[in-house]
Amino acid sequence: MIRLLGYFFGIACVLFLGAAAVVAVYLANVAKDLPDYAVLNSYAPPVTTRVHAGNGALMAEYAKEKRLFLPIQAIPDRVKAAFLSAEDKNFYNHPGVDLSGLARAIVVNLQNFGSGRRPVGASTITQQVAKNFLLTSDQTIDRKIKEAILSFRIEQAYSKDKILELYLNEIFFGLNSYGIAGAALTYFNKSVTELTVAEAAYLASLPKGPANYHPFRHPDAAVERRNWVIDRMVENGYVSQSDGAEAKKQLLGVTARSNGPSLFASDYFAEAVRRQLIGQYGEKALYEGGLSVRTSLDPQMQLSARKALQDGLTTYDERRGFHGPLKSIDTTADWGKALAEIPALSDVPEWRLAVVLAVSTESVDIGLQPARDGAGKAAAEREHGTIEAKNMQWAYRSSTGERKTAKSPEGVLSPGAVVYVERLGGEGSTSYRLRQPPKVQGGLVAMDPKTGRVLAMAGGFSYGQSEFNRATQAMRQPGSSFKPFVYAAAMDNGYTPASVIMDAPIEVVSGGQVWRPENYGGEFNGPSTLRSGIEHSRNLMTVRLANDLGMNIVAEYAERFGIYDKMPALLAMSLGSGETTVLRMVSAYSVIANGGKQIKPTLIDRIQDRYGKTIFRHEERLCDSCNAGDWQNQEEPNIVDNREQVLDPMTAYQITSMMQGVITRGTAAGKIDLGGRDVAGKTGTTNDEKDAWFVGFTPDLVAGLYMGFDNPAPLGRGGTGGGLSAPIFNEFMQAAVKDMPESKFVIPQGMNLIPIDRKTGMAAMEGDPNTIIEAFKPGTGPADSLSVIGMDSTMAPEEILKTSPQANQAVQSGAGGLY
């Protein structure tokens, strides 16, 4: 018997050793192809790029996987407790594999065998890290063995906190959010430190199956799973019984964040920044690099720019009549459902879509588009309102010309018509005004002239209507708003504001073709000063000046100011016939406003990488002592301005002074009122009134805009820069500068201020009512005799009158005379 037992024992030992050898060979074979877990030490997951306004407010986020990396020290204990309770309560005690948990899972799976239930897993957090980072998700024995081996090795190489940090920053939570920081923002619009016990428990429930616990599609399952996690937290001693019970009573409270810009009205600006980042660093860096971008946007100024441009566009559009309803729907059935399916302008929340329910001679009864909840479902209740006849009188005229002018709402709208409306009065009012998205468009840019920082940008009426950015992408003719640069070139090359040029018809023959430019309105005033030429935007004077100066010089200045990259030296270009952008024009005017210093326009102040290292900074001026550790009676820091001087400061002041005249007595007279502040600017109107421009500035802010159709077409009678664009500039600037300290344009040292006759440009006689103070550079001054550019000789004023019938007639009629 003993011998028999010994025999069986020997066989058992041989079998055991054989099995052990087979297992050892199998494990060795599996282990030899294991990935290198050392890569976890250099973990750099795709991280969200975040774009902020100048005041730090979040503008936009860009990511393929919405993730923000958080070190373990920044994650609150209650959040860690929720995940440990939900996924691996023995995490800090096991060596990588939880043997007791594995045994329980085996028992449960044996009990459920044949029931069709999904097998219960027993993966620890360490095993999930091994799977997520190093392995596939295949449900095979080989993968589970590899996972276990890697888990033991990871536990030996890294601390528990490091492993938990990797896990919490990598896992998928649904709604395209990855990592606990991204999930907290996506689901609750909160930072991780602000999460309550109930919110942390819900997030901890999601990794098991985000789709199964979707807050809107499966709210009951989501609450049940969350409460299970809360019970485990109580059971494991992380939360008291009373706190757990209170947490289970709370609603899910999910407020899913929009994928659009977080800062209202920043759409055009944010998209321009996105394009710049891609051009500078590439798409991978934008969507995976975790950049932190601080832009130059001033949110309050941006709101002012949006409102001013929208007001100007809608005012112009409504004056030209009603385009007709957007579409028509059946109001005999449930009109709310049909109306809810029509997309509205998401970035114009002041306007709502409405359907006409009934029309009378006095008013229109409307039904409002239902609001939507977080799940995107339209509200069941139906909201109604009224458009009184007086609030839609502008629509009595049809912009298409297909209908005669109506006399009441009945001639404009009919039941079923879908239109935009705007509430009048406060919340709860049922009175509305008829609105329509304008067909005319435009772009506006505001800039700090000292730094080139773009403070506001409006690229059109609505980003929801059109994503095309007319401030940066639209190539338009600047028209007469280009003239200051012709005059600046002249001031830099020996001319003065009192130089006199003939304002009379001219013919330019080139290549057998004859060009006959004209002044706006067709009139001309004979000999006039340069100041008069720019104040009243005289085309004939500008052409003569450019011809006398030389178009090569004008082209060189236009390129120096950044208006064009390569400007043809053609006389027609002196009248702004080339195409450029609003951003370029505002940048060029900023050079004049800052005294002639070159600037680089920028939307971005600073860019940091995911580790906080600054990789781009717009500010290039030097200040060696700005970062002193303490004060030791040293002098105040001095910022060294090393930018190129591209225009004589005295020339810059002369042009500024002349453009002040544009506002006080020129083409923008009566259009600009900033409460006594110093302001200069220039109107611009292109051929056939297709584009209307105004660009202007105070000592601390430059703004410019144009208005026109995307497919250039005449704006109609009065479609000038002074009539259309100057009022928009005025509305914006009044709002933008109201909280700025008042400052004056700086007169350069050495500049001579001499009284002259504004008509002749010569020294003023005492008591002359036409006297103005003109700025002259050292060594220059008013002429003793009247020398007229564009005439063959120099002659006295009385001789000019004898030989120039037009000038004589103008003087006699008081229509301008010699100015």
Side-chain angles (χ1 to χ4, degrees), residues 478-508 515-551 553-554 557-558 570-577 651 654-655 657-659 661-662 665-669 682-687 720-722 756-762 772 774 782-783 786-795 797 800-801 803-811 815-819:
S480 296
S481 63
F482 176 75
K483 289 176 182 175
F485 304 100
V486 179
Y487 286 76
M491 297 296 109
D492 254 6
N493 286 273
Y495 299 78
T496 75
S499 297
V500 178
I501 299 180
M502 178 60 74
D503 182 16
I506 185 175
E507 290 185 355
V508 180
W515 176 47
R516 297 183 180 90
E518 295 181 352
N519 288 329
Y520 186 83
E523 299 177 353
F524 48 90
N525 293 326
S528 304
T529 62
L530 291 192
R531 171 178 285 277
S532 175
I534 201 169
E535 286 181 353
H536 298 282
S537 199
R538 313 305 287 180
N539 293 339
L540 298 173
M541 292 177 65
T542 304
V543 171
R544 278 191 169 87
L545 176 63
N547 186 58
D548 189 68
L549 178 64
M551 279 304 298
I553 294 177
V554 175
Y557 270 73
L570 303 174
L571 269 177
M573 295 293 288
S574 67
L575 300 181
S577 61
T651 297
Q654 288 177 316
I655 296 298
S657 176
M658 294 162 74
M659 286 195 286
V662 172
R665 54 183 169 267
T667 53
K682 183 69 184 75
T683 57
T685 308
T686 62
N687 283 344
T720 64
I756 68 168
D757 186 309
R758 67 183 183 89
K759 292 184 176 182
T760 66
M762 293 188 290
I772 63 171
E774 193 60 88
L786 197 59
S787 176
V788 183
I789 300 170
M791 295 185 67
D792 296 332
S793 61
T794 299
M795 56 191 72
I800 291 289
L801 296 180
T803 58
S804 176
Q806 294 87 359
N808 188 46
Q809 182 181 2
V811 171
L818 301 180
Y819 72 106

As an exercise, state the distance from [atom1] of [X] to [atom2] of [Y], rounded to the nearest 0.5 Å.
X	Y	atom1	atom2	value
Ser532	Arg758	OG	CZ	8.0 Å
Tyr495	Ile501	OH	CD1	7.0 Å
Ser528	Met541	OG	CE	5.0 Å
Thr683	Ile534	OG1	CD1	9.5 Å
Asp503	Asn525	CG	CG	5.5 Å

Quick one: list whatever passes side chain to side chain donor-acceptor pair (under 3.5 Å) with Ser574, sequence neighbours left out.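 So Ser574 forms no side chain to side chain donor-acceptor pair (under 3.5 Å) with any residue.
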For residues [X] and [Y], report the shortest heavy-atom separation together with the two atoms involved.
X	Y	result
Tyr487	Met658	CD2-CE, 3.9 Å
Pro527	Val500	CB-CG1, 3.7 Å
Thr685	Gly721	OG1-N, 2.9 Å
Ala498	Thr529	O-CG2, 3.9 Å
Gln654	Pro497	NE2-CD, 3.5 Å

pair [X]-[Y]: side-chain heavy atoms closer than 4.5 Å:
X	Y	value
Leu540	Pro517	yes
Met659	Pro484	yes
Lys483	Asn539	yes
Asn493	Tyr557	yes
Val662	Ser537	no
Leu575	Thr542	yes

Going by side chain to side chain contact (heavy atoms under 4.5 Å, CB included), Leu571 matches just one of Val554, Ile506, Asn547. Which one?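 Of Val554, Ile506, Asn547, side chain to side chain contact (heavy atoms under 4.5 Å, CB included) with Leu571 is met by Asn547 alone.
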Single hit among Met762, Glu774, Arg531 for side chain to side chain contact (heavy atoms under 4.5 Å, CB included) with Ile756: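 Looking at Met762, Glu774, Arg531, the match for Ile756 under the side chain to side chain contact (heavy atoms under 4.5 Å, CB included) is Glu774.
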Could you walk me through whether Tyr520 and Thr667 satisfy the side chain to side chain contact (heavy atoms under 4.5 Å, CB included) test, starting with their C-alpha distance in whole Å, then the side-chain angles of each, then the deciding distance to 0.1 Å, before giving a yes or no? CA-CA 11 Å; Tyr520 186 83; Thr667 53; over 6 Å; no
Do Arg544 side-chain atoms and Met502 backbone N/O form a donor-acceptor pair below 3.5 Å?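 The answer is yes, because a donor-acceptor pair under 3.5 Å joins these two groups.
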Take Thr496 and Leu530 through the test side chain to side chain contact (heavy atoms under 4.5 Å, CB included) and record every step on the way to the result. CA-CA 8 Å; Thr496 75; Leu530 291 192; over 6 Å; no
Can you name the residues that form a ring-ring contact (aromatic ring centres under 6.0 Å, His included) with Phe485, not counting sequence neighbours?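 Testing Phe485 for ring-ring contact (aromatic ring centres under 6.0 Å, His included), a comparison that skips the adjacent residues, returns Phe561, Tyr589.
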